[in-house]
Participant: 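Got a structure here, written out as structure tokens. Questions coming.
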Amino acid sequence: MAAGAADAQARFGQSVKGLLTEKVTSCGTDVIALTKQVLKGSRSAELLGQAAKNMVTQEDAILHSEDSLRKMAIITTHLQYQQEAIQKNVEQSSNLQDQLSHLLK
């Protein structure tokens, strides 16, 4: 009976060792899966951070372009005023030439 009990105890020990090995392997697999998920999340955070930086850069470029367009509109208005003034001067010059030629006749 002692031999039978020792044999049963040995089988029980092997069974427990087998279950323990399965649990350790399962935990190792879970740790690997968790690590992969954390790395994936970390990569997503990096991509989001880079996207945010790119967006800020684009926003700065858009604001700079908007400022440049505003300045160009002001310059265009000034050039229109100058063009109108030149046109008036040309008309006055033409009138003066007509008057001068009339006086010299």
Side-chain angles (χ1 to χ4, degrees):
M1 192 162 198
D7 189 37
Q9 195 174 17
R11 274 187 271 139
F12 177 74
Q14 290 297 328
S15 176
V16 169
K17 283 182 184 178
L19 288 174
L20 190 57
T21 302
E22 286 178 31
K23 287 291 184 185
V24 168
T25 302
S26 176
C27 284
T29 303
D30 290 346
V31 166
I32 290 170
L34 179 63
T35 302
K36 286 180 181 178
Q37 192 63 35
V38 167
L39 290 175
K40 188 177 179 182
S42 175
R43 181 69 180 139
S44 295
E46 286 177 33
L47 292 174
L48 283 173
Q50 187 61 42
K53 285 180 186 177
N54 290 343
M55 193 169 158
V56 168
T57 302
Q58 290 299 319
E59 187 178 7
D60 286 345
I62 289 169
L63 290 175
H64 180 71
S65 296
E66 187 179 16
D67 188 48
S68 294
L69 285 172
R70 226 180 281 117
K71 289 176 183 177
M72 288 171 63
I74 291 169
I75 290 171
T76 301
T77 302
H78 286 284
L79 288 173
Q80 287 173 342
Y81 290 146
Q82 290 176 2
Q83 188 251 346
E84 289 172 6
I86 291 170
Q87 195 169 2
K88 280 183 183 179
N89 287 336
V90 167
E91 289 173 7
Q92 287 176 354
S93 172
S94 179
N95 289 341
L96 286 176
Q97 284 179 344
D98 289 344
Q99 289 175 5
L100 186 59
S101 67
H102 188 285
L103 286 174
L104 293 176
K105 284 185 184 176

Participant: What residues join Leu63 in its hydrophobic cluster, counting side-chain heavy atom gaps under 4.5 Å, either direct or through other members?
Facilitator: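 Noted: Leu63 shares its cluster with no other residue.
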Participant: Without placing hydrogens or testing angles, list every side-chain donor-acceptor pair under 3.5 Å for residues 84-102, not counting sequence neighbours.
Facilitator:
from, atom 1, to, atom 2, distance (Å)
Asn89, ND2, Ala85, O, 3.4
Ser101, OG, Gln97, O, 3.2
Ser101, OG, Asp98, O, 2.9

Participant: How long is the straight-line distance from CE of Met55 back to CD1 of Ile62, given to the nearest 0.5 Å?
Facilitator: 9.0 Å
Participant: State which residues pass side chain to side chain contact (heavy atoms under 4.5 Å, CB included) with Thr57; sequence neighbours excluded, sorted by chain then number.
Facilitator: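 Once residues adjacent in sequence are excluded, Thr57 has no partner under the side chain to side chain contact (heavy atoms under 4.5 Å, CB included) criterion.
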Participant: Sequence neighbours excluded and cut-off under 3.5 Å, please list the side-chain donor-acceptor pairs for residues 69-80, or say none.
Facilitator:
from, atom 1, to, atom 2, distance (Å)
Lys71, NZ, Asp67, OD2, 3.4
Thr76, OG1, Met72, O, 2.8
Thr77, OG1, Ala73, O, 3.0

Participant: If you look only at distance, which donor and acceptor atoms sit under 3.5 Å apart when one is on a side chain in residues 32-48 and the other is two or more places apart or in another chain?
Facilitator:
from, atom 1, to, atom 2, distance (Å)
Thr35, OG1, Val31, O, 2.8
Arg43, NH1, Glu46, OE1, 3.3
Ser44, OG, Lys40, O, 3.1

Participant: Given 3.5 Å as the limit, does a donor-acceptor pair link the side chain of Ser26 with the main chain of Glu22, or not?
Facilitator: no
Participant: Holding to side-chain hydrogen bond (donor to acceptor under 3.5 Å, both in side chains), I want the full list of residues that pass it with Asn54, two or more places apart in sequence or in another chain.
Facilitator: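 If we apply the side-chain hydrogen bond (donor to acceptor under 3.5 Å, both in side chains) test to Asn54, skipping adjacent residues, the hits are Gln50.
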